[in-house]
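Scroll down for the structure; my scribbles are underneath it.
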Amino acid sequence: MAIDLAVVPVAGIGTRLLPATKSQPKEMLPVGRKPIVQYVVEELAQSGIKRLLFITGASKTSIENHFDINAELIQYLRETGREEQLAALDFERQDVQYFYTRQRRPLGLGHAVLCARPLIMRQDFVVALGDSIIGLHAQSRVVEQMVELFENDRDVKVVVAFEEVPREHVARYGIARPKGAVDDVFELEDVIEKPTVEEAPSNLAVAARYVFAPEIFDALERTAPDRRGEIQLTDAISLLLREGARGLGVRLPPSERRYDIGNFASYFEAFVEFALADPDYGPGLRQHIERLLSEGTTQC
Ligand code: G1P
């Protein structure tokens, strides 16, 4: 049976985006018209995910509210004839069931995924990080492709999406050590969390989407915390691979960039790109930015 279950970790406190994230989740910051996490959910829904488990933390309740049906708001918009605004709430009726649990201690991404174990037990599942959008307006089908690869070969225990990053950025990501030649799909020998430029075996960075067999939970249980006391998902994948499990990497096509909203530089870039692509407001914004740049009225 096709995988229809995804875990979306959203427990991180977003310190790199302070003060914006002091009392609201980074996953709720808007990129263009929608909060980041809505793109993630829409991407998963169009890839066949029907059950979605958020791993949340303190001050993340607005995520639950966002995906709930707000009957009062719908009624108000209907009564006042605001059809366009009403259409903006269509995502509330997506064919997805939401579940929530809390990571009660900040022990890292691997630990957050481990919090899903009592519910997931022996099922295969997807992990999609809640702070990364794949492809402009999340039209990506990469998760569907990853699930297909996973299901076509029962030896495969993990499939990870990767994107090529500039060499100087490898220390921000999990990095692939491919086995043999790298094509759009490649065999994984190992993954290394945030290596130095010298250590990095490639410039293929883990791009926030994974498919796992339940064996990942045993690997997570056996993964030692890193220097900061956090259990890293990458380290558990590495353990599985080194113990002989088969893993595949899927390289994102150039048309499907990953928008990582973990810091202001990439958040600003993502916002501008999505806003420029907005069918109603994009053209006007483009003119405005061009005018600003040509007049030299800003510091840009
Ligand atoms: C996490 C993972 C890292 C991955 C990245 C993708 O890092 O640990 O392997 O490349 O997400 O966004 P974080 O951004 O939480 O530091």
Side-chain angles (χ1 to χ4, degrees), residues 1-9 40 43-44 46-49 109-110 113-114 116-117 120 122-129 132-135 138-165 170 172-195 199-220 222-223 232-258 260:
M1 198 189 83
I3 296 174
D4 71 344
L5 171 62
V7 171
V8 181
V40 177
E43 176 205 328
L44 294 173
Q46 79 183 359
S47 295
I49 296 298
L109 178 60
V113 172
L114 202 46
R117 182 175 206 172
I120 294 190
R122 302 296 309 158
Q123 301 170 83
D124 303 324
F125 64 105
V126 166
V127 170
L129 306 190
S132 285
I133 303 169
I134 310 279
Q139 293 304 315
S140 175
R141 292 273 174 181
V142 74
V143 168
E144 203 177 321
Q145 186 198 350
M146 292 164 70
V147 167
E148 250 173 59
L149 284 166
F150 183 93
E151 290 181 336
N152 284 342
D153 187 336
R154 292 318 296 165
D155 287 344
V156 173
K157 299 293 177 209
V158 47
V159 183
V160 183
F162 289 92
E163 67 163 356
E164 286 175 274
V165 297
V170 290
R172 300 178 189 175
Y173 303 107
I175 300 292
R177 183 191 302 284
K179 196 186 280 179
V182 174
D183 213 330
D184 292 344
V185 177
F186 57 94
E187 296 278 335
L188 267 180
E189 185 171 314
D190 202 357
V191 277
I192 296 129
E193 181 67 1
K194 305 197 171 95
E199 286 163 351
S202 74
N203 67 336
L204 291 160
V206 174
R209 300 293 181 270
Y210 314 78
V211 184
F212 290 116
E215 282 83 345
I216 192 66
F217 291 128
D218 293 318
L220 281 164
R222 291 183 288 117
T223 298
Q232 294 303 336
L233 186 55
T234 306
D235 292 345
I237 300 171
S238 170
L239 186 63
L240 264 187
L241 294 171
R242 283 182 286 116
E243 288 179 349
R246 184 154 173 239
L248 296 178
V250 173
R251 193 167 52 174
L252 289 180
S255 57
E256 289 194 5
R257 255 192 74 194
R258 178 174 76 113
D260 166 16

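Counting heavy atoms from C-beta outward, V8 and L44 have side chains that approach closer than 4.5 Å. Looking only at side-chain heavy atoms (C-beta outward), E144 and V126 stay at 4.5 Å or farther from each other. At a threshold of 4.5 Å between non-hydrogen side-chain atoms, the residues I175 and F162 do not count as touching. The shortest distance between side-chain heavy atoms of L5 and I49 does not fall below 4.5 Å. Taking the side chain as every heavy atom from C-beta outward, V147 and S47 never approach each other to under 4.5 Å. Using a 4.5 Å heavy-atom threshold, the side chains of R177 and L188 count as separate. Within the 4.5 Å cutoff, the side chain of Y210 has heavy atoms near those of the L129 side chain. At least one side-chain heavy atom of L149 sits under 4.5 Å from a side-chain heavy atom of V185.
Between the side chain of Q46 and the backbone N or O of S140 there is at least one donor-acceptor pair closer than 3.5 Å. Counting only distance, with no hydrogens or angles, the side chain of T223 and the backbone of A219 share a donor-acceptor pair below 3.5 Å.
The CD atom of Q139 lies 11.5 Å from the OG atom of S255; values are rounded to the nearest 0.5 Å. Atom CD1 of I216 sits about 4.5 Å away from atom CG of L240, to the nearest 0.5 Å.
Among all heavy-atom pairs drawn from V211 and M146, the shortest one is CG2-CB, 3.7 Å. Listed here is the closest heavy atom pair of G135 and I133: O-CG2, 3.6 Å. Closest non-hydrogen pair, D235 versus R242, comes out as O-NH2, 4.5 Å.
Ionic pairing of R141 and E256 is not present here: no N-O contact between side-chain nitrogen and carboxylate oxygen is shorter than 4.0 angstrom. A salt bridge between R251 and E163 is absent, with no side-chain N of the basic residue lying under 4.0 Å from a carboxylate O of the acidic one. Ion pair D218/R117 flagged as a salt bridge, since at least one NZ, NE, NH1 or NH2 atom sits closer than 4.0 Å to an Asp/Glu carboxylate oxygen.
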Q: Test salt bridge (Lys or Arg N to Asp or Glu O under 4.0 Å) on K157 and D124 and set out the steps.
A: CA-CA 9 Å; K157 299 293 177 209; D124 303 324; over 6 Å; no
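Among residues two or more places apart in sequence or in another chain, the ring-ring contact (aromatic ring centres under 6.0 Å, His included) test is passed with F125 by F212, F217. Judged as a side-chain hydrogen bond (donor to acceptor under 3.5 Å, both in side chains), and not counting sequence neighbours, the contacts of S132 are R258.
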